[in-house]
Amino acid sequence: MPDVESLVPLRRPGRRTAVPRWLRRTAGPLLLLLVWQVTSATGVLAPEVLASPGTIARSAAGLVADGTLPTAMGVSLRRVAAGLLIGGSVGTALALVSGLSRLGEDLVDATVQMLRTVPWVGLIPLLIIWLGIGEAPKVALIALGTAFHLYLNVYAGIRGVDAQLVEAGQSLGLGRWGLVRHVVLPGALPGAMTGLRYALATAWLALVFGESINADAGIGFLMNQAREFFRTDVIVVCLVVYAFLGLLADAVVRTLERLLLQWRPTFTGQ
């Protein structure tokens, strides 16, 4: 019996060890912070224009220590959650009516498409007139900003379900509601997750505009106060908090996608 030699892949000459991915992802932000700190320390970047990273870090620590920042984050999170719940529920319900029925499409889709073209930020004066200057217009603005994203993506997901899958379900004896439950809704789920990610991004954008409506609490209120006193450090802290909360919300949706869409193979890059 001939000897069997184990084959060991040879490393190509001159090929370097791959840099860890986490290091590649953090290199850009760290380099930006370094340049920012150096330009601030050398006086190239005046503190009146933009505070240094060290000053911003100290301001953030002070706002956390006295409870100002956690309280503001809690108020803003409640507004986003309420607006997303209302807008998401309305948008998804309209998408189901329009996507599952031709009659529903005739009654709903044209109206939604018409309203979608209206800039929702431009509705702020009307919302103030209709709802006052309390919490209602802020939540309504977030709901408007999120409803259309979910409507469009859920509707497109429903109408994008493969007709052959529907025929296969019918051949297996599934009725209308059985098809909706076991074929149409699972097939539309990827579109719904995409719509949810867009809706969350729009919710934080709408929150910035909403908290400019006579707000007395929240992250936007802190930003408005800092603007009046030219506190660029506090403004940057609030912007970083907005970005952090947005990334956290996106991470939650990504986790939901991994849990709910395990059946769908995807390309993850090379």
Side-chain angles (χ1 to χ4, degrees), residues 79-132 134-170 174-213 246 249-250 253 256-257 260-261 264:
R79 288 168 178 162
V80 168
L84 185 64
L85 179 62
I86 296 172
S89 300
V90 172
T92 303
L94 291 176
L96 291 174
V97 172
S98 183
L100 296 175
S101 168
R102 292 183 179 178
L103 176 61
E105 181 183 13
D106 295 337
L107 296 176
V108 172
D109 187 65
T111 303
V112 174
Q113 296 295 343
M114 178 184 65
L115 294 176
R116 184 176 65 88
T117 60
V118 178
W120 45 268
V121 177
L123 296 176
I124 291 178
L126 281 177
L127 293 177
I128 294 175
I129 294 174
W130 293 339
L131 303 175
E135 290 296 307
K138 302 175 181 60
V139 174
L141 189 66
I142 297 170
L144 282 173
T146 58
F148 295 117
H149 286 300
L150 280 164
Y151 172 83
L152 290 174
N153 284 275
V154 174
Y155 172 79
I158 292 174
R159 290 304 174 94
V161 173
D162 192 345
Q164 294 181 352
L165 294 177
V166 177
E167 293 177 358
Q170 290 174 338
L174 292 178
R176 177 175 176 80
W177 294 113
L179 287 173
V180 170
R181 179 181 176 184
H182 297 288
V183 178
V184 177
L185 292 184
L189 196 56
M193 291 292 102
T194 301
L196 182 58
R197 293 182 67 179
Y198 279 115
L200 281 169
T202 303
W204 294 112
L205 179 61
L207 178 66
V208 176
F209 291 101
E211 290 186 334
S212 65
I213 306 174
D250 188 71
V253 177
L256 285 176
E257 286 181 337
L260 299 177
L261 303 179
R264 187 185 66 164

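In this chain, numbering begins with 1 at the start of the sequence shown.
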Kindly give the heavy-atom pair with the smallest separation between A206 and L141, and that separation in Å.
O-CD2, 3.7 Å

Indicate the atoms forming the closest heavy-atom contact of P137 with G134, along with that distance.
CD-O, 3.4 Å

Taking every non-hydrogen atom, the tightest pair across N153 and G191:
CB-O, 3.1 Å

How many angstroms lie between CG in L196 and CG in D250, if you round to the nearest 0.5 Å?
9.5 Å

Working to the nearest 0.5 Å, report the span between OG1 of T194 and CG of L189.
9.5 Å

Not counting sequence neighbours, which residues clear side chain to side chain contact (heavy atoms under 4.5 Å, CB included) with V118? List them please.
L123

How long is the gap from CE on M114 to CG on D109, to the nearest 0.5 Å?
11.5 Å

Here the gap from L205 atom CG to T146 atom OG1, rounded to the nearest 0.5 Å, amounts to 12.0 Å

Which pairs count as side-chain hydrogen bond (donor to acceptor under 3.5 Å, both in side chains) when at least one residue sits in residues 114-130, sequence neighbours excluded?
Q113-R116

Shortest non-hydrogen separation from P186 to P190 and the atoms involved:
O-CD, 3.6 Å

Flag side-chain contact, heavy atom, 4.5 Å: I142 against L207:
yes

With sequence neighbours excluded, tell me which residues meet side chain to side chain contact (heavy atoms under 4.5 Å, CB included) with L103.
S101, L107

Taking all atoms of both residues into account, what is the closest heavy-atom pair of A188 and G157, and its distance?
CB-C, 3.5 Å

Just grab all the side-chain hydrogen bond (donor to acceptor under 3.5 Å, both in side chains) pairs involving residues 79-93, residues at least two apart or on different chains.
R79-E135, R79-E211

Salt bridge (charged side-chain N to carboxylate O under 4.0 Å, His left out) pairs touching residues 149-158, sequence neighbours excluded, are none

Which residue pairs satisfy the ring pair (Phe, Tyr, Trp, His ring centres under 6.0 Å) criterion with at least one member in residues 134-162, sequence neighbours excluded?
H149-Y198, Y151-Y155

Minimum heavy-atom separation for G195 and L150, please, with both atom names.
C-CD2, 3.8 Å

